[in-house]
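Per chain, numbering begins at 1; letters A, B, ... match sequence-line order.
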2 protein chains.
Amino acid sequence: MAVTIKDVAKKAQVAPSTVSRVLSDHPKITQETKEKVRKVMEELGYHPNLLARNLVRQSSQTVGIIMKESSEHSLFDPFFPAVLKGMSDLLHDREYSILMTTGETNEEIYQDVVKMVQGKNVDGLIMLYSRDEDPILEHLLKRKFPFVMIGKPATHIDEIMYVDNDNVKAARDMTQYLLSIGHKRIAYVGGNPKFEVHKDREQGYREALQISGIQETIIFQTSATRESGKELVDKLLKMEKRPTAILTTDELKCMSILSALYAESLRVPDDISITTFMDSLISELSSPPLTTMDIHPFQLGYEAAKTLVELLENPNMMRRNILVPTSLVKRQSCKKLTMNEETL
Amino acid sequence: MAVTIKDVAKKAQVAPSTVSRVLSDHPKITQETKEKVRKVMEELGYHPNLLARNLVRQSSQTVGIIMKESSEHSLFDPFFPAVLKGMSDLLHDREYSILMTTGETNEEIYQDVVKMVQGKNVDGLIMLYSRDEDPILEHLLKRKFPFVMIGKPATHIDEIMYVDNDNVKAARDMTQYLLSIGHKRIAYVGGNPKFEVHKDREQGYREALQISGIQETIIFQTSATRESGKELVDKLLKMEKRPTAILTTDELKCMSILSALYAESLRVPDDISITTFMDSLISELSSPPLTTMDIHPFQLGYEAAKTLVELLENPNMMRRNILVPTSLVKRQSCKKLTMNEETL
DNA sequence: CTGAAAGCGCTTACAG
DNA sequence: CTGAAAGCGCTTACAG
């Protein structure tokens, strides 16, 4: 059996309650007593049993992380580890632990969340995504359980605290950058619009074209596999007027397209320009290095965790949402078109 | 206040102990009683408080994951999410939760572990790495705390259950593959030998050369950044007899070198062949697609979690270590040398 | 088959 | 400044 507060109390000749107070550094305990008790704790190798503490405090000092339904693709997307790192750094400082959902399907994840929430296993939650018709979201709102979302809520936007990029602006900025260097036929390659982030970026793309008076939108939706990269490039090659630039929304998709382009002997950026979102090592180490919109995933995670912890410590805090600015990182995957090329 | 077992008991007109037995589906409770109680649980929206259950059971049904000291590099290495996924799948099936260390430095991670272990916050641990002189390892061994290591223990190998690839063989196989297609000057680019995995792979490389009677080893150690890739390639270019193949040990390092090679207008595989370890989307989507040694990270995580859970459920189980086979995935980053080229 | 009681290891009003 | 006592919400021998 492990050593408990009682063992310490007995050996130090004080009451268990005193030991408990020493543990929390209660101001009214004399320095003398504290030292005596601490010495005994040291000798006995005492460590508080957190399970017991959690029960009486009705709190677990733990934050749960709700992952997105997994797919081959999302698994390797560098977004996840970067966000996780941001959350982890803040939570470590504030002495919270991290518990993760382990479910694979949406239904399993829902069950994980119910168990965490009702079982009091976590004090609050961070949702790593925002999507349409999410039973998890409904469940949390109904129970008024504290949580913060990374991404823009699809519904109940006035009741949810969230941390996000301005994805409409980010995609608009990126599109306008391509326009500014002479591109007029720009294709957009995004993800499933059931996720808000993809809806937003597609809209940003549209807005930029509209502002510039360009009618033609070229929109694709692919996954990050060798095959879909190839399919997409096949489609591009069959177009009578091929786009001169491709705006992709994640690094792996971008790699898959890059790879298919090379297979068809198209050069980047000479024959076609390409951009992406996120700025992990992938963009930096790619050949050519990728022009990308850095969404600062570390900061997204950090701010989300910070907001949640503040909410937990002060349940009446004023609601606030945080927008993490994005920044355009120009590298070598985009080429400025000459007058000649523009009109080709 | 949440609804407790007492509320259910009162409304169902049974004792709290009966409710508890219904919860665990105790065989001696009549079907009738079970149904009555379950109906009330439903009506009241009852969910067991896991904190209380954990306390009395002296177990948390939680597995802790000890991460490696973080670095920019390891953060984006696809190894981590893949291993995590494997563990997560198994742990979900067995109804265990996952708690992660959040510390950044070795010292912080050590504190995280002590807290998890002494605080009874986890029933067992999985170490995601193996390294020299690890105080965490010593601590766990001293306390006889159940854990499984991913990687080969540097010390105490007979007391530790571990799951690993045969990294010596994996690197030897890869080197021999390169030899078999005519390469004789092969450079090895690995990581810090304080980690066992890197020691093993370097040894495998040496062994293969030795077996083939090749004296000259060319060994580098770099990190996965643009700069170190460039530095490495600069060194290669300055060699009087440049290697015809490079064996790298992770995908990001490989990308960084690939990128530096292209910058120097060296073509892969025409001018130089290159291989890596791991087979994430990065290898598949790279241009050219990378010949790689698949270490099956998902399975490493899955088997580690499985071993740990079995150990927790049967503390007297026979010790066993698991070696997950590696498999060579041939893609387009290696070229067979002609007789001519071999003797160049 | 079910209930009353003790207990898991803490914390925290309430006394003094 | 410190102690005795109650209680957090469960589980589980022990009775009957």
Side-chain angles (χ1 to χ4, degrees), chain A residues 1-38 40-41 44-62 95 97 115-123, chain B residues 1-38 40-41 44-62 95 97 115-123:
Chain A
M1 214 53 265
V3 26
T4 73
I5 216 169
K6 277 189 194 166
D7 303 319
V8 176
K10 197 182 294 174
K11 185 150 183 206
Q13 313 211 59
V14 295
S17 42
T18 303
V19 178
S20 173
R21 290 193 184 98
V22 172
L23 232 35
S24 53
D25 206 17
H26 193 108
K28 294 215 178 134
I29 303 284
T30 51
Q31 202 54 34
E32 200 182 358
T33 309
K34 279 184 186 169
E35 273 161 24
K36 181 174 64 179
V37 171
R38 286 199 181 119
V40 174
M41 296 198 305
L44 264 39
Y46 171 77
H47 271 264
N49 181 320
L50 300 178
L51 297 179
R53 174 181 290 174
N54 289 344
L55 176 59
V56 50
R57 287 199 184 155
Q58 295 283 50
S59 124
S60 57
Q61 282 288 305
T62 300
E95 307 205 36
S97 303
K115 200 170 135 196
M116 282 179 179
V117 169
Q118 314 286 346
K120 305 266 188 290
N121 246 339
V122 297
D123 296 344
Chain B
M1 213 55 269
V3 24
T4 74
I5 216 169
K6 278 190 193 164
D7 303 320
V8 176
K10 196 182 293 175
K11 185 147 183 210
Q13 313 210 57
V14 294
S17 42
T18 303
V19 178
S20 172
R21 291 193 184 97
V22 172
L23 231 37
S24 53
D25 206 16
H26 192 107
K28 295 213 176 136
I29 302 285
T30 52
Q31 202 53 38
E32 200 183 359
T33 310
K34 280 185 186 170
E35 273 162 24
K36 182 174 65 182
V37 172
R38 289 202 178 113
V40 174
M41 294 197 307
L44 263 39
Y46 171 77
H47 272 263
N49 181 320
L50 300 179
L51 297 180
R53 174 180 290 175
N54 290 345
L55 177 60
V56 52
R57 286 197 185 158
Q58 294 285 47
S59 123
S60 57
Q61 282 287 305
T62 300
E95 308 205 38
S97 303
K115 198 170 138 196
M116 282 181 178
V117 169
Q118 313 288 347
K120 304 266 185 293
N121 247 339
V122 298
D123 296 345

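Comparing C:dG3, D:dG3, D:dT12 by their nearest atom to the side chain of A:Arg21 picks out D:dG3. Of the candidate nucleotides C:dT11, D:dT2, C:dT2, C:dT2 has the atom lying nearest to any side-chain atom of B:Thr30.
Rounding to the nearest 0.5 Å places NZ of B:Lys36 at 10.5 Å from CD1 of B:Ile29. Atoms OG1 and NE2, on B:Thr33 and B:His26 in that order, are 12.0 Å from each other to the nearest 0.5 Å. Going from atom NZ of B:Lys34 over to atom OG1 of B:Thr18 covers 12.0 Å, rounded to the nearest 0.5 Å. The distance from the CZ atom of A:Arg53 to the CG atom of B:Leu51 is 13.0 Å, given to the nearest 0.5 Å. Here the straight-line distance linking atom CD1 of A:Ile5 with atom CG of A:Leu44 works out to 12.5 Å at 0.5 Å rounding. In this structure, CZ on B:Arg57 lies 11.0 Å from CG on B:Asp123, to the nearest 0.5 angstrom.
One can place CZ of B:Arg57 at 17 Å from C1' of C:dG9, the figure rounded to the nearest angstrom. At whole-Å resolution of the value, CD1 in A:Ile29 and C1' in C:dT12 are 12 Å apart. Distance, B:Asn54 CG to C:dG7 C1': 16 Å, rounded to whole Å. Following rounding to the nearest Å, B:Leu51 (CG) and C:dG7 (P) show an atom-to-atom distance of 22 Å. At whole-Å resolution of the value, CG in A:Leu55 and C1' in D:dG9 are 6 Å apart. For the pair B:Ile5 CD1 and D:dG7 P, the interatomic distance rounds to 18 Å; values are reported in whole Å. Look at CD on B:Gln61: it is 12 Å from P on D:dT11, rounded to the nearest Å. Atoms CG (B:Leu50) and P (D:dC8) sit 18 Å apart, rounded to a whole Å.
Phosphate contact (OP1/OP2 of D:dC1, side-chain N/O of A:Gln31, threshold under 4.0 Å): absent. In this structure, A:Thr4 does not reach the C:dG9 phosphate: none of its side-chain N or O atoms is under 4.0 Å from OP1 or OP2.
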Worksheet entry | Dot-bracket encoding per residue of DNA chain D, Watson-Crick/G-U cut-off under 3.5 Å, | denoting interstrand | |||.||||||||.|||
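Interface residues of residues 7-19 of chain B facing DNA chain D, ordered by number: B:Ser17; criterion, heavy-atom separation under 4.0 Å.
Across all strands, B:Thr33 comes closer than 4.0 Å only to sugar-phosphate atoms, never to a base (heavy-atom distances).
With hydrogens and angles disregarded, no donor-acceptor distance shorter than 3.5 Å links the side chain of B:Ser60 to the backbone of B:Asn54. Not one N or O on the side chain of B:Lys120 forms a donor-acceptor pair closer than 3.5 Å with the backbone of B:Leu55.
For the pair A:Tyr46 and A:Thr4, the tightest heavy-atom approach, listed with the atom from each and the gap, is CE1-C, 3.6 Å.
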